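Note that the structure is predicted; figures quoted are calculated from it, not measured.
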Amino acid sequence: MSLAVKEKTEVRLAFLGGAAVGKTALIKRFLQDTFDTKHRRTVEELHSKEYEVGGVKVTIHIMDTSGSYSFPAMRKLSIQQSDAFALVYAVDDPESLEAVKTLREEILEVKEDKCPPIVVVANKSDLCHERQVSSSDMVSTVERDWNHSYLEASAKENTNVLEVFRELLEQANLPSRLSPALCRRRETFPKSSTNRPPMNKANSCLIC
């Protein structure tokens with residue numbers, strides 16, 4: 001059996017967290033390289049993107065979940081169907097960190113796994129003067145106590161957004177060569193979204 005057949009070629013990532021922590025902003029920054037200052041409530045949205053890497057088609061599904069509404073059954077289904085999770089909180093909102101702790105416990109319960117693939121994302125790192133959650137404390141908690149990955153990011157300033165997705169894909173066991181290819185693809189994006197060439201109907205791109 002060839003290596004291409006053995007490798008996983010489809011993955012679902014779930015972004016969970018409280019309201020207005022920037023889940024949608026992180027996803028949009030990754031997919032479209034844009035940032036919208038206006039907050040829009042999300043119920044649940046699934047984004048899919050197809051890549052071709054070394055002749056292997058890789059499909060990434062990204063589930064953007066609600067932080068404003070309570071849909072326990074919908075959230076449980078999203079957890080069951082997902083391969084890796086981004087638990088997002090805002091550094092200026094301690095309550096959003098408590099939501100992350102609760103969501104992590106739910107993932108552990110639903111997945112029946114003591115160490116599921118989770119990346120804890122401290123978003124809005126650009127709000128340094130409004131920070132209310134210590135990064136050093138969180139690194140200790142997430143990496144040592146929880147045994148998960150931890151990253152600080154800013155969707156607004158496009159800081160560590162690619163790294164969040166790279167870590168999620170790595171934990172989801174996608175082909176390892178996808179990460180640098182993704183990096184090269186992102187670096188070729190124009191800074192202005194108005195200058196970006198239109199995507200084709202299949203919404204796919206070649207990144208080999």
Side-chain angles (χ1 to χ4, degrees), residues 11-42 44-45 47 60 62-69 75 78-79 82-108 110-111 113-172 179 182-183 186:
V11 68
R12 182 177 293 233
L13 312 176
F15 276 64
L16 299 99
V21 296
K23 301 183 297 295
T24 301
L26 288 166
I27 294 170
K28 282 191 173 182
R29 176 62 83 178
F30 174 71
L31 292 175
Q32 305 169 11
D33 201 20
T34 60
F35 178 78
D36 188 354
T37 57
K38 183 180 296 185
H39 173 250
R40 178 177 60 85
R41 290 184 176 183
T42 302
E44 188 172 275
E45 293 181 0
H47 306 269
I60 303 173
I62 307 172
M63 177 62 72
D64 186 4
T65 64
S66 173
S68 304
Y69 305 100
R75 185 171 60 249
S78 296
I79 293 173
S82 297
D83 301 298
F85 306 89
L87 296 183
V88 186
Y89 72 92
V91 299
D92 64 334
D93 183 1
E95 289 187 8
S96 67
L97 177 57
E98 294 304 313
V100 160
K101 294 176 181 178
T102 300
L103 287 165
R104 175 180 176 270
E105 291 299 322
E106 186 172 355
I107 293 172
L108 296 180
V110 172
K111 286 295 193 180
D113 187 350
K114 293 183 178 180
C115 190
I118 291 175
V119 178
V120 176
V121 183
N123 193 33
K124 304 187 182 182
S125 62
D126 53 287
L127 299 179
C128 55
H129 299 298
E130 301 176 41
R131 176 185 289 272
Q132 297 187 47
V133 181
S134 168
S135 58
S136 59
D137 290 345
M138 283 309 301
V139 169
S140 177
T141 298
V142 174
E143 296 187 350
R144 297 179 186 177
D145 299 341
W146 294 355
N147 198 27
H148 302 318
S149 296
Y150 172 83
L151 285 168
E152 293 213 344
S154 169
K156 181 178 181 179
E157 296 187 348
N158 197 14
T159 302
N160 277 344
V161 176
L162 175 62
E163 285 69 18
V164 169
F165 283 87
R166 180 185 292 134
E167 183 65 26
L168 285 167
L169 295 175
E170 183 176 332
Q171 292 201 27
S179 293
L182 265 173
C183 186
R186 292 283 292 162

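- Atom CG of Leu127 and atom CG of Asp93 lie 11.0 Å apart (nearest 0.5 Å).
- Checking side-chain atoms of Lys23 against main-chain N and O of Gly17 turns up a donor-acceptor pair under 3.5 Å.
- Residues Phe165 and Ile60 have side chains not in contact (no heavy-atom distance under 4.5 Å, counting atoms from C-beta outward).
- A donor-acceptor pair is defined here as one N or O able to donate and one able to accept, closer than 3.5 Å; no such pair exists between the side chain of Ser66 and the backbone of Glu44.
- The side chain to side chain donor-acceptor pair (under 3.5 Å) analysis of residues 131-142, with sequence neighbours excluded, yields the pairs Arg131-Glu152, Ser134-Ser136.
- A search for side-chain hydrogen bond (donor to acceptor under 3.5 Å, both in side chains) contacts involving Ser154 returns Asp126, not counting sequence neighbours.
- With a 4.5 Å cut-off on side-chain heavy atoms, Ile79 and Leu16 count as touching.
- With contacts defined as side-chain heavy-atom distances shorter than 4.5 Å, the pair Asn123/Val21 does not qualify.
- When the side-chain contact (heavy atoms from CB on, under 4.5 Å) test is applied to Ala84, the partners found at least two apart in sequence or on another chain are Leu13, Pro117, Leu168, Ala172.
- Side-chain atoms of Glu130 and Lys124, non-hydrogen and from C-beta on, never get closer than 4.5 Å to each other.
- The side-chain contact (heavy atoms from CB on, under 4.5 Å) search around Ala25 returns Phe35, Ala155, not counting sequence neighbours.
- In this structure Asp113 satisfies the side-chain hydrogen bond (donor to acceptor under 3.5 Å, both in side chains) test with no other residue, sequence neighbours excluded.
- Contacts of Glu98 classified as salt bridge (Lys or Arg N to Asp or Glu O under 4.0 Å), with partners at least two apart in sequence or in another chain: Lys101.
- Contacts of Ser149 classified as side-chain hydrogen bond (donor to acceptor under 3.5 Å, both in side chains), with partners at least two apart in sequence or in another chain: Glu167, Gln171.
- Listed by chain and number, the residues in a side-chain hydrogen bond (donor to acceptor under 3.5 Å, both in side chains) with Glu95 amount to none (sequence neighbours excluded).
- Side-chain contact between Val120 and Trp146 is present, with at least one heavy-atom pair separated by less than 4.5 Å.
- Between atom CG of residue Leu151 and atom OG of residue Ser125 there is a gap of 10.5 Å, rounded to the nearest 0.5 Å.
- For NZ of Lys156, the number of neighbouring non-hydrogen atoms (other residues, nucleotides, ligands) closer than 6.0 Å is 12 at most.
- Taking 4.5 Å as the limit, every side-chain heavy atom of Ile27 sits out of range of all side-chain heavy atoms of Glu45.
- In this structure, the separation between OG on Ser78 and CZ on Phe15 is 13.5 Å, given to the nearest 0.5 Å.
- Partners of Tyr89 according to the ring-ring contact (aromatic ring centres under 6.0 Å, His included) rule, which considers only residues two or more places apart in sequence or in another chain, do not exist here.
- Remark: Ile107 CD1 to His148 NE2 distance equals 7.5 Å, nearest 0.5 Å.
- When each of Leu162, Thr159, Asn158 is paired with Arg29, the side-chain contact (heavy atoms from CB on, under 4.5 Å) condition holds for Asn158 and for no other.
- Residues satisfying the salt bridge (Lys or Arg N to Asp or Glu O under 4.0 Å) test with Glu106, not counting sequence neighbours, are Arg75.
- In terms of heavy atoms, Met138 sits closest to Tyr150 at CB-CE1, 3.7 Å.
- Side chains of Val88 and Val164 form no contact here, defined as non-hydrogen atoms less than 4.5 Å apart.
- Considering only heavy atoms from C-beta on, Lys111 comes within 4.5 Å of Phe85 through its side chain.
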